[in-house]
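Every number for a ligand or one of its atoms is a count from 1 in the order of the listing.
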Amino acid sequence: MSGWDDLTDGSMTNLTERRVAWITGAGKGIGRALAKRLTLDGWTVAVSARTENDLASLEAECANGTVHKFPLDVTDVDATTKVIKDIEAKLGNINLAILNAGTHQEVTASHFSREPFQKLIDINLMGTVNGLSEIIPRFMERRAGHIAVVASVAGYRGLPTSAAYGASKAALINMCESLKPELDANDVKLQLINPGFVKTPLTDKNEFSMPFLMSLDDAVERIVAGLKSNTFEIRFPRRLAWILTAFKLIPDALYFAITRRMTRP
Ligand SMILES: NC(=O)c1ccc[n+]([C@@H]2O[C@H](COP(=O)([O-])OP(=O)(O)OC[C@H]3O[C@@H](n4cnc5c(N)ncnc54)[C@H](OP(=O)(O)O)[C@@H]3O)[C@@H](O)[C@H]2O)c1
């Protein structure tokens, strides 16, 4: 059952009726905007990221008691376990876990090194796995709960400069596909969120052109609509997602002819 199943509108004000969502990477960008948006649908939102000031300002921007900060570095296994316990002790059982914390770093063949791989696998993949390790047993035992993992359309096929980022996101996509049937059988809803380019502090750093760049508000509305649905994969913007899906189907020779043209000299 998902947390929206018995919410008919966004008008709930009684705190005892509120559902609890936990969002990682909620200090900035997609996670922060999503946290604000969920409060409008009646959720109590536990927010995690490493920068406590970001979480404090988010708490202050939202209606009293709707957002609660739980600072966390998702790469820290013990701290992740503690935060989940603390959230449930303070706010009640988590109904919706959105594992969104992630970052990006370019990798090219000419500047290939272990460091960005270690960093992106630790944060993007293992940071998500650390949360899931604590959330999945709880939700399976309760035979309830809703998990959403934020990956990326960059995980579909290898894109130039994305060797580490794409690898971490491809792993998340594969992992979710693997887990879904068993979670379904235990009444735990699992969804995969695969955004294209969304304007956030993360993409503000990019110097390359970002086709179909989407506003944060549009992206968040797509995510919320998707979370309310029973679709497995929530992906947007549609045109970029279709192009990258088509890339999975075309012959390698054609794919590499296209990506070679994207590779900067
Ligand atoms: N924006 C896009 O175009 C786009 C496209 C596809 C997928 N995504 C994915 O969407 C997610 C959010 O991206 P965004 O664009 O919103 O990024 P963002 O603006 O950089 O925000 C990322 C958030 O994650 C937090 N974070 C980073 N490392 C963390 C860690 N080790 N532990 C806990 N929190 C951590 C950051 O806060 P602290 O640094 O304070 O911890 C920040 O609050 C990421 O997984 C990203 O890969 C984004």
Would you list the atom pairs, donor with acceptor, under 3.5 Å between side chains in residues 165-178 and any protein atom, with sequence neighbours excluded?
unit_1, atom_1, unit_2, atom_2, d
S168, OG, N124, ND2, 3.1
S168, OG, Y165, O, 2.7
K169, NZ, V150, O, 3.3

Cation-pi, W242 ring and R235 (6.0 angstrom, 45 degrees):
yes

Would you say the ring centers of F236 and F212 fall short of 6.0 Å from each other?
no

Using a 4.0 angstrom limit on heavy atoms, which residues are close to ligand 1?
G25, G27, K28, G29, I30, A49, R50, T51, L72, D73, V74, N100, A101, G102, I123, V150, A151, S152, Y165, K169, P195, G196, F197, V198, T200, P201, L202, T203

Is there a path of hydrophobic side-chain contacts, each under 4.5 Å between heavy atoms of I, L, V, M, F, W or Y residues, that connects L202 with L240?
no

Hey, mind stepping through L72 and W22 against side chain to side chain contact (heavy atoms under 4.5 Å, CB included) and telling me if it holds?
CA-CA 12 Å; L72 173 67; W22 176 46; 3.8 Å; yes

Do any N or O atoms from the side chain of D41 and from the backbone of R37 form a donor-acceptor pair under 3.5 angstrom?
no

